[in-house]
There are 2 protein chains.
Amino acid sequence: MIKDRFADAITPAGSSPAAAGAEEADIGAINDILGFHIRLAHGACLRHFTETFADLDLTQKQVSVLWLVDDHPGIAQTDLAQRLRMDRATTMAIINRLQAKHFLRRDRSEKDGRKQALHLQPEGIAMLARAKQAIAEHEAWVKSRFTDKEVRQLIELLSRIHE
Amino acid sequence: MIKDRFADAITPAGSSPAAAGAEEADIGAINDILGFHIRLAHGACLRHFTETFADLDLTQKQVSVLWLVDDHPGIAQTDLAQRLRMDRATTMAIINRLQAKHFLRRDRSEKDGRKQALHLQPEGIAMLARAKQAIAEHEAWVKSRFTDKEVRQLIELLSRIHE
DNA sequence: TCTGCTTCGTAGGCAAGGCATACAATAGGA
DNA sequence: TCCTATTGTATGCCTTGCCTACGAAGCAGA
């Protein structure tokens, strides 16, 4: 399990045959860790997303929330949190920011006094429209390295993790 | 430890008009967004990782750094940052935390006075050994839903994104 | 009806990351 | 030697994630 600790940067650790001469991206056995690749891929996506949305000044989470509120007018914060796998407190913070920008509003639910019904404001609708264009651009960047079949495959595999 | 995030599997009726037909995981067209699935999968991994490493009090990044320093004794912070796709400043913060725990030390590089050569301390070596066991556990959890072939496939696909 | 439990939103706090800027020391090339 | 690039460092800001606690509202049973 524990590798030779005197190994140099060039050492092939026995995990990757290509590591012998290829010094550049040799990160050893960590390359076999699936979670590691998920993190790196996520990081790469996040960076590109942030760049793409720099003008709009929106984060991934914020866009996701706008999108879902648009898809489900009157949705409650708890429901939103469940769909996006977020904490209630975290959801609060995001909704607060979006509300501060007048992208959406909270209405007390008529059916359940505990809930807040969320609705997009005109400014939110306009922003979402712009955001969807940016998302298309971002998605094109991600998908450019895959065939359609591979995209479907990748989504299917990833779904098994988060479902 | 008890989390209320996934408390109920059944969506409360009447929460949204769209919830009527396609109940549970209906998040609309957002389901076709590859980036969305990457984020969710990453989030699920991160949560499980954090749980698994609660006893060790280590984060993903910290483990990655320990691992890489072990694989490449004397590595510089910049090199580390490049391999993990991190900012120099971010790397600093992580190294600082690991140094505060006496897991590693900074030595001025002999070849290049600007660089810091990083080496694990005995405590770091011991911790890494424990961490690798926890990682094996965590990886088993992630991989449990895939065949070996699918794992290789998934890693290959994800690699195209972050390379 | 009253009572106790649950759910939902809210508030405050804390840690970790990510990123930007600025600065000092060192290397290396012109 | 001088100029520039690299490296580490220090600061600060923002977002996310999670925890605890609390009040308001719904709900179910005594």
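Residue numbers start from 1 in every chain, and the chains themselves are labelled A, B, ... in the order their sequence lines are given, proteins ahead of strands. When reading the values below, keep in mind they use all heavy atoms of this one structure, side chains included, and skip hydrogens, waters and symmetry mates. Just so it is clear, the model here is predicted, and its values are computed rather than measured.
Among residue pairs with one or both ends in residues 34-56 of chain A, none qualify as salt bridge (Lys or Arg N to Asp or Glu O under 4.0 Å); sequence neighbours excluded. Listed by first then second residue, pairs satisfying salt bridge (Lys or Arg N to Asp or Glu O under 4.0 Å) with a partner in residues 125-140 of chain A read A:E139-A:K143, not counting sequence neighbours.
Of the residues in residues 88-100 of chain B, those placing a heavy atom less than 4.0 Å from an atom of DNA chain C are B:A89, B:T90, B:I94, B:R97, in numerical order.
Considering NE2 of A:H138 and CG of B:L34, their distance stands at 8.0 Å, rounded to 0.5 Å.
The salt bridge (Lys or Arg N to Asp or Glu O under 4.0 Å) test applied to A:R114 returns A:D112, not counting sequence neighbours. Listed by chain and residue number, nothing satisfies the salt bridge (Lys or Arg N to Asp or Glu O under 4.0 Å) test with A:D70 (two or more places apart in sequence, or in another chain). For B:D87, there are no salt bridge (Lys or Arg N to Asp or Glu O under 4.0 Å) partners, not counting sequence neighbours. A search for salt bridge (Lys or Arg N to Asp or Glu O under 4.0 Å) contacts involving A:D57 returns A:K101, not counting sequence neighbours.
For the residue pair B:R97 / B:Q62, no side-chain donor-acceptor distance below 3.5 Å is found, with atom types taken as modelled.
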| message | Under the criterion salt bridge (Lys or Arg N to Asp or Glu O under 4.0 Å), I'd like the reasoning laid out for B:R152 against B:D148: C-alpha separation, chi angles, the key distance, then a yes or no. | response | CA-CA 6 Å; B:R152 286 193 302 275; B:D148 285 355; 5.3 Å; no

Hey, can you pull the donor-acceptor pairs under 3.5 Å for the side chains in residues 155-163 of chain B, sequence neighbours left out?
from, atom 1, to, atom 2, distance (Å)
B:E156, OE1, B:R160, NH2, 3.0
B:E156, OE2, B:R160, NE, 2.9
B:S159, OG, A:H37, ND1, 3.4
B:S159, OG, B:I155, O, 2.7
B:R160, NH1, A:R145, O, 2.9
B:R160, NH1, A:E150, OE1, 3.0
B:R160, NH1, A:E150, OE2, 3.4
B:R160, NH2, A:E150, OE2, 2.9
B:H162, NE2, A:H37, ND1, 3.0

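The interatomic distance linking A:H42 (NE2) with C:dG17 (P) rounds to 14 Å, in whole Å. Distance B:M86 CE to C:dA20 C1': 17 Å, rounded to the nearest Å. The CD-P distance, from A:Q60 to D:dT15, rounds to 14 Å in whole Å. Whole-Å rounding puts the A:D87 CG to C:dG13 C1' distance at 13 Å. Here the P atom of nucleotide D:dG23 and the NZ atom of A:K115 are 23 Å apart, to the nearest Å. Distance A:R39 CZ to D:dT16 C1': 17 Å, rounded to the nearest Å. Atom CG in B:D107 sits roughly 13 Å away from atom P in D:dG8 (whole-Å rounding). When rounded to the nearest whole Å, the span between CD of B:E51 and P of D:dG17 equals 15 Å.
Checking C:dG18, C:dG9, C:dC19 against the side-chain heavy atoms of B:K61 singles out C:dG18 as nearest. Considering only the side chain of B:Q62, C:dA16 comes nearest among C:dA16, D:dC19, D:dT9. Residue B:Q77 places its side chain closer to D:dG8 than to any other of D:dC18, D:dG8, C:dG18. Closest to the side chain of A:T59, from the set C:dG17, D:dT7, D:dT16, is D:dT16.
Between B:R108 and D:dG8, a side-chain N or O to OP1/OP2 separation shorter than 4.0 Å is absent. Contact annotation: A:T78 side-chain N/O to C:dG9 OP1/OP2 distance is under 4.0 Å. A sub-4.0 Å separation between OP1 or OP2 of C:dT10 and a side-chain N or O of A:Q116 is present.
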Any protein N or O atoms within reach of nucleotides 27-30 of chain C? Criterion: under 3.5 Å, listing atom names and distances.
from, atom 1, to, atom 2, distance (Å)
C:dA27, OP1, B:G113, N, 2.9
C:dA27, O4', B:R114, NE, 3.3

